[in-house]
Amino acid sequence: MLTAAALRRLDEDLAWYRALPAEDRSWIGLVAQSGISAFTSWYADPARPPHGVNEIFATAPSELTRSISLQHTLQLVRIVVEVVEEYSDRLAAPGNERDLREAVLRYSREVAFSAAEVYARAAEVRGAWDARLEALVVDALIRGDGDHSLRSRVSALGWGGRGHTLVMVGTTETPLDELRTAELRRATRRAAGDALVGIHGDRVVLVLGGEGDLQAAAASLLPRFGPGPVVIGPTVAGLDEAARSAQAALAGLAAAPAWPQAPRPVLADDLLPERVLTGDTTARRTLVAQAYRPLEESTGSILETLSAYLGTGRSLEAAARTLYVHPNTVRYRLRKVSEITGWDPLDARESFVLQVALALGQLAHTR
């Protein structure tokens, strides 16, 4: 009687219950019947503590927690409690109606706690599975395995796919435990629209995506890393190109110790000379393409002037004497170098970048 009345109330009062598939509604009916049966058995001997509460939800499959939220489950409990209270006059012996209502409230509290425990366990299982899936996705991105299965896995992790993507890498003082990893994951998802976190020992790999300023979002996460170098890879069009950003960031992390004065965080593209020294062929090609080739194709002896300036100890007067021109001519041509390449030869750090690019380009010609 109580089960039938409870199911009628559910169908009348809850629109989301009516929208459920028939199979899920049948499982809910079994849960309600199990709960009412457990309550009546316990009420027959209320001196014992509530028993059978944990078994109420054991009748339904764990997948039901994906169809019905904890909020919905508590609505179910509330309606079943109301139904039992409505029928208390029929169930209780004369004069014991109040005792029955108090027993219902006590038992419903235990059921609510049990429901919360069920959902907590389900959340832990999903969280552990999501963490393993996230680790697999980040590993695949680093290796460049961007197949169709990767896209479905990323979608399962909630990646929206809007805007651009970049990868940020660094280290921690000690390996992160589960609690600190979860905290890092929450902070990363607050900073960017999309986020993935990969932990490799003491090395942390963050994949950020979204339509905002991703470099600013990455910089805001700097306190989450240890005292070592933190490198931000180039911003790419989307997740399909994230491997390029990841490989540049990891190469930059390996090369960063060669530039002790590097800012923190540092862009991977600002470490191109150091990455060349570690054997990074991508950095070699990038420097030649962005610095040497444009200067080689320019007119007005720009490349020759840069070579003379660098070869004479970065002296304007010595370069002018070598080229048989006025020092102002050298200065003008060096400004053209800055306009063409984006690197200023009058700056100590940027002149080093240009010198490495010049050497790489000249080596390419001799092969």
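FYI, side chains are in, hydrogens and waters are out, and symmetry mates aren't considered; it's all heavy atoms of this structure.
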Novice: Which heavy atom in L354 sits nearest to a heavy atom in A291, and how many Å separate them?
Specialist: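 In terms of heavy atoms, the two residues are closest at CD2-CB, 4.3 Å.
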
Novice: Is the closest side-chain heavy-atom distance between L7 and Y17 below 4.5 Å?
Specialist: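 Heavy-atom side-chain distance check passes, below 4.5 Å.
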
Novice: Is the backbone N or O of L295 less than 3.5 Å from a side-chain atom of S298, with the two atoms forming a donor-acceptor pair by type?
Specialist: yes

Novice: Can you list every pair that meets salt bridge (charged side-chain N to carboxylate O under 4.0 Å, His left out) and has a residue in residues 291-302, with sequence neighbours left out?
Specialist: R293-E296

Novice: Please check if L346 and L306 belong to a single hydrophobic cluster, counting links between Ile, Leu, Val, Met, Phe, Trp and Tyr side chain heavy atoms closer than 4.5 Å.
Specialist: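 They do share one cluster, since a chain of ILVMFWY contacts under 4.5 Å joins L346 to L306.
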
Novice: Nearest 0.5 Å, please: how far is CG in L166 from OG1 in T235?
Specialist: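 Interatomic distance, T235 OG1 to L166 CG, rounded to 0.5 Å: 4.5 Å.
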
Novice: Not counting sequence neighbours, list each pair that qualifies as a ring-ring contact (aromatic ring centres under 6.0 Å, His included) and has a residue in residues 282-323.
Specialist: Y292-H365

Novice: Checking S315 side chain against T312 main chain: does a donor-acceptor pair fall under 3.5 Å?
Specialist: no

Novice: What do the steps show when you test R314 against Q355 for side-chain hydrogen bond (donor to acceptor under 3.5 Å, both in side chains), and what is the final call?
Specialist: CA-CA 11 Å; R314 297 174 175 79; Q355 187 162 18; 2.8 Å; yes

Novice: Residues two or more places apart in sequence or in another chain: which of them pass side-chain contact (heavy atoms from CB on, under 4.5 Å) with D270?
Specialist: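 So D270 forms a side-chain contact (heavy atoms from CB on, under 4.5 Å) with W259, V266, L267.
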
Novice: According to a hydrophobic-cluster definition based on side-chain heavy atoms being under 4.5 Å apart (Ile, Leu, Val, Met, Phe, Trp, Tyr only), do V330 and L358 belong together?
Specialist: yes

Novice: Hey, could you give me the CG/OG1 distance between D194 and T165, rounded to the nearest 0.5 Å?
Specialist: 7.5 Å

Novice: Please list, one pair per line, the donor and acceptor atoms closer than 3.5 Å that link side chains of residues 242-255 to other protein atoms, with sequence neighbours excluded.
Specialist:
{"from": "R244", "atom 1": "NH2", "to": "E241", "atom 2": "OE1", "distance (Å)": "3.2"}
{"from": "S245", "atom 1": "OG", "to": "V167", "atom 2": "N", "distance (Å)": "3.0"}
{"from": "S245", "atom 1": "OG", "to": "P234", "atom 2": "O", "distance (Å)": "2.8"}
{"from": "Q247", "atom 1": "NE2", "to": "I142", "atom 2": "O", "distance (Å)": "3.4"}

Novice: Apply side-chain contact (heavy atoms from CB on, under 4.5 Å) to L360 and list each qualifying residue two or more places apart in sequence or on a separate chain.
Specialist: V276, R284, L287, V288, V356

Novice: I'd like to check V230 versus V169 (side-chain heavy atoms, cut-off strictly below 4.5 Å). Are they in contact?
Specialist: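 No, every pair of side-chain atoms sits at 4.5 Å or beyond.
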
Novice: Check salt bridge (Lys or Arg N to Asp or Glu O under 4.0 Å) between E183 and all other residues, then give those that pass, not counting sequence neighbours.
Specialist: R224

Novice: For residues 263-284, which residue pairs qualify under ring-ring contact (aromatic ring centres under 6.0 Å, His included), counting only residues two or more places apart or in two chains?
Specialist: none

Novice: To the nearest 0.5 Å, what is the distance between CH2 (W16) and CG (L10)?
Specialist: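 Rounded to the nearest 0.5 Å, the CH2-CG separation comes out at 7.0 Å.
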
Novice: Distance-only check: which donor-acceptor pairs under 3.5 Å involve side-chain atoms of residues 203-223, not counting sequence neighbours?
Specialist:
{"from": "D213", "atom 1": "OD1", "to": "Q215", "atom 2": "N", "distance (Å)": "3.3"}
{"from": "D213", "atom 1": "OD1", "to": "A216", "atom 2": "N", "distance (Å)": "3.2"}
{"from": "S220", "atom 1": "OG", "to": "A217", "atom 2": "O", "distance (Å)": "2.5"}

Novice: Please tabulate, one pair per line, all N/O donor-acceptor pairs under 3.5 Å involving side-chain atoms of residues 320-328, not counting sequence neighbours.
Specialist:
{"from": "T322", "atom 1": "OG1", "to": "A318", "atom 2": "O", "distance (Å)": "2.9"}
{"from": "H326", "atom 1": "ND1", "to": "N328", "atom 2": "N", "distance (Å)": "3.0"}
{"from": "N328", "atom 1": "OD1", "to": "R331", "atom 2": "NH1", "distance (Å)": "2.7"}

Novice: So, S307 side chain and L303 main chain: donor-acceptor pair closer than 3.5 Å or not?
Specialist: no

Novice: For residues 332-354, which residue pairs pass the ring-ring contact (aromatic ring centres under 6.0 Å, His included) check, not counting sequence neighbours?
Specialist: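 Listed once each, the pairs would be none.
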
Novice: Applying salt bridge (charged side-chain N to carboxylate O under 4.0 Å, His left out), which residue pairs with at least one partner in residues 10-22 are found, sequence neighbours left out?
Specialist: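 Listed once each, the pairs are R9-D13.
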
Novice: L184 and I232: same hydrophobic cluster, using ILVMFWY side-chain contacts below 4.5 Å?
Specialist: yes

Novice: Scan residues 339-358 for pairs that pass salt bridge (charged side-chain N to carboxylate O under 4.0 Å, His left out), counting only residues two or more places apart or in two chains.
Specialist: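 Of all non-adjacent pairs touching residues 339-358, those that pass salt bridge (charged side-chain N to carboxylate O under 4.0 Å, His left out) are E274-R349, K336-E339.
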
